Chemist: 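Have a look at this one.
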2 protein chains.
Amino acid sequence: MIEDQPVFCDHKPHHMERFLEVCLLLLLYDEIGYGYGLAEQLSHFGFSEMDLNVSTLYRTLRKMEHDGLVTSLWEAGGQGPRRRVYEITEGGKSELEQWIKVLKVRKARIETLVGAYDRKVSTGDK
Amino acid sequence: MIEDQPVFCDHKPHHMERFLEVCLLLLLYDEIGYGYGLAEQLSHFGFSEMDLNVSTLYRTLRKMEHDGLVTSLWEAGGQGPRRRVYEITEGGKSELEQWIKVLKVRKARIETLVGAYDRKVSTGDK
DNA sequence: TAGACTATATTCACAATGTATATAGTCAAT
DNA sequence: ATTGACTATATACATTGTGAATATAGTCTA
């Protein structure tokens, strides 16, 4: 029933559900953008090369379009491979606003938990 | 391709991946506990009745046992239905410590994003 | 014309969670 | 005694979000 050696914390520390989506909405808030370019800007929000999954990025952008949060069109002219350029909608801005509220709740809950942990380890054990 | 009415923010605001597991490890840090009793204590970490999924709770406890983070036994004696009582292991304490670090990273990333959002909406638009 | 780089997309698989349901013991009231 | 409320644990099925791997193809330089 129990493994010989427990598997400790073998996940991706940066993984937070739908966090990528919120980051993309913010990047698109005041200027249009395309997949590959957005990937580079995501480093500002802690997405390293190792961390960012390109498949997930494109899939998320398409889903966001399906949900009406962004619109897209193929960039006219320009050199290099064609780019699908995304623009945020009013619905997208509204969704972003809601998500920011959610993230503030998440942050508060993390603070509560971490605070409780620090109190326990400082007083009792160790 | 695009829905008539976009579906806005229809998720569970309190949902954070594996957050329940970390809360349970913390609750079990210095005393044993069982499923139903832990469910009540979880309100301290923001889990409302609506929010907490009992199936998920029991399933998570069993998975934690499988991973060697806790051990369990059926409570001897006592009134009412039998309780499966859980106790944290040294591995569980170590895992909790790692998770706390992860949560601090998550919190920092949320702060970065929320800060960037607040700056955008205060200066530019609106 | 080969290799590096830019750019988008799909397929398959898995992990975490939600919904619904099943089971069963205890206790108080009728 | 038996119904209903409450305590307590657990499983089956489905959905969601993500990761890994792979496919396709245009551009640019050597």
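Chain naming here is simple, since letters A, B, ... match the order of the sequence lines and numbering starts at 1 in each. These numbers come from a predicted model, not from an experiment.
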Chemist: Is there a donor and acceptor pair, one atom on the side chain of A:S55 and one on the base of D:dA21, closer than 3.5 Å?
Modeler: yes
Chemist: Taking salt bridge (Lys or Arg N to Asp or Glu O under 4.0 Å) as the test, write out the residues that go with B:E21, two or more places apart.
Modeler: B:R18, B:K63
Chemist: Counting only side-chain N and O atoms of A:R84, is one of them less than 4.0 Å from OP1 or OP2 of C:dT8?
Modeler: no
Chemist: Determine whether B:F45 and B:L61 fall in the same hydrophobic cluster, where Ile, Leu, Val, Met, Phe, Trp and Tyr are linked whenever their side-chain heavy atoms lie under 4.5 Å apart.
Modeler: yes
Chemist: Contact class for A:R82 vs. all strands (heavy atom < 4.0 Å): base, sugar-phosphate, or nothing?
Modeler: sugar-phosphate
Chemist: If you assign each of B:V54 and B:K63 to its closest nucleotide in DNA chain C, which residue comes earlier from the 5' end?
Modeler: B:K63
Chemist: Among D:dT7, D:dT18, C:dT17, which nucleotide has an atom closest to any side-chain atom of B:R59?
Modeler: C:dT17
Chemist: Quickly work out the B:N53 CG to D:dC13 P distance and round it to whole Å.
Modeler: 18 Å
Chemist: Taking for each residue the nucleotide of DNA chain D with the nearest heavy atom, is it A:T60 or B:W74 whose nucleotide lies nearer the 5' end?
Modeler: B:W74
Chemist: May I have the distance from B:F19 (atom CZ) to C:dA15 (atom P), rounded to whole angstrom?
Modeler: 23 Å
Chemist: Quick check: closest heavy atoms across A:T60 and A:L24, and the distance to 0.1 Å?
Modeler: CG2-CD1, 4.0 Å
Chemist: Which whole-number value in Å describes the distance from A:E21 CD to D:dG17 P?
Modeler: 8 Å
Chemist: Does OP1 or OP2 of D:dT18 have a side-chain N or O of A:T56 closer than 4.0 Å?
Modeler: no
Chemist: Look at A:Y58 and C:dT10 and indicate whether a side-chain polar atom (N or O) is within less than 4.0 Å of OP1 or OP2.
Modeler: no
Chemist: In whole Å, what is the span from the CG atom of A:L73 to the P atom of C:dT8?
Modeler: 12 Å
Chemist: Does OP1 or OP2 of C:dT8 have a side-chain N or O of A:Y36 closer than 4.0 Å?
Modeler: no
Chemist: Could you pick out which residue, A:L52 or A:P81, lies toward the 5' side of DNA chain D when each is mapped onto its nearest nucleotide?
Modeler: A:L52
Chemist: Write down the distance between CD (B:E40) and P (D:dT9), rounded to a whole number of angstrom.
Modeler: 11 Å
Chemist: Start with the C-alpha gap between B:L42 and B:L57, add the side-chain angles, then the distance that decides, and say whether side-chain contact (heavy atoms from CB on, under 4.5 Å) holds.
Modeler: CA-CA 10 Å; B:L42 281 170; B:L57 172 66; 4.1 Å; yes
Chemist: Whole-Å distance between C:dA7 C1' and A:R83 CZ?
Modeler: 9 Å
Chemist: Let me know the distance between CD of B:E17 and P of C:dC14, rounded to the nearest Å.
Modeler: 17 Å
Chemist: Does A:I32 CD1 have over 12 foreign heavy atoms under 6.0 Å away?
Modeler: no
Chemist: Using atom NE2 of A:H66 as one end and atom C1' of C:dA9 as the other, report the distance to the nearest whole Å.
Modeler: 17 Å
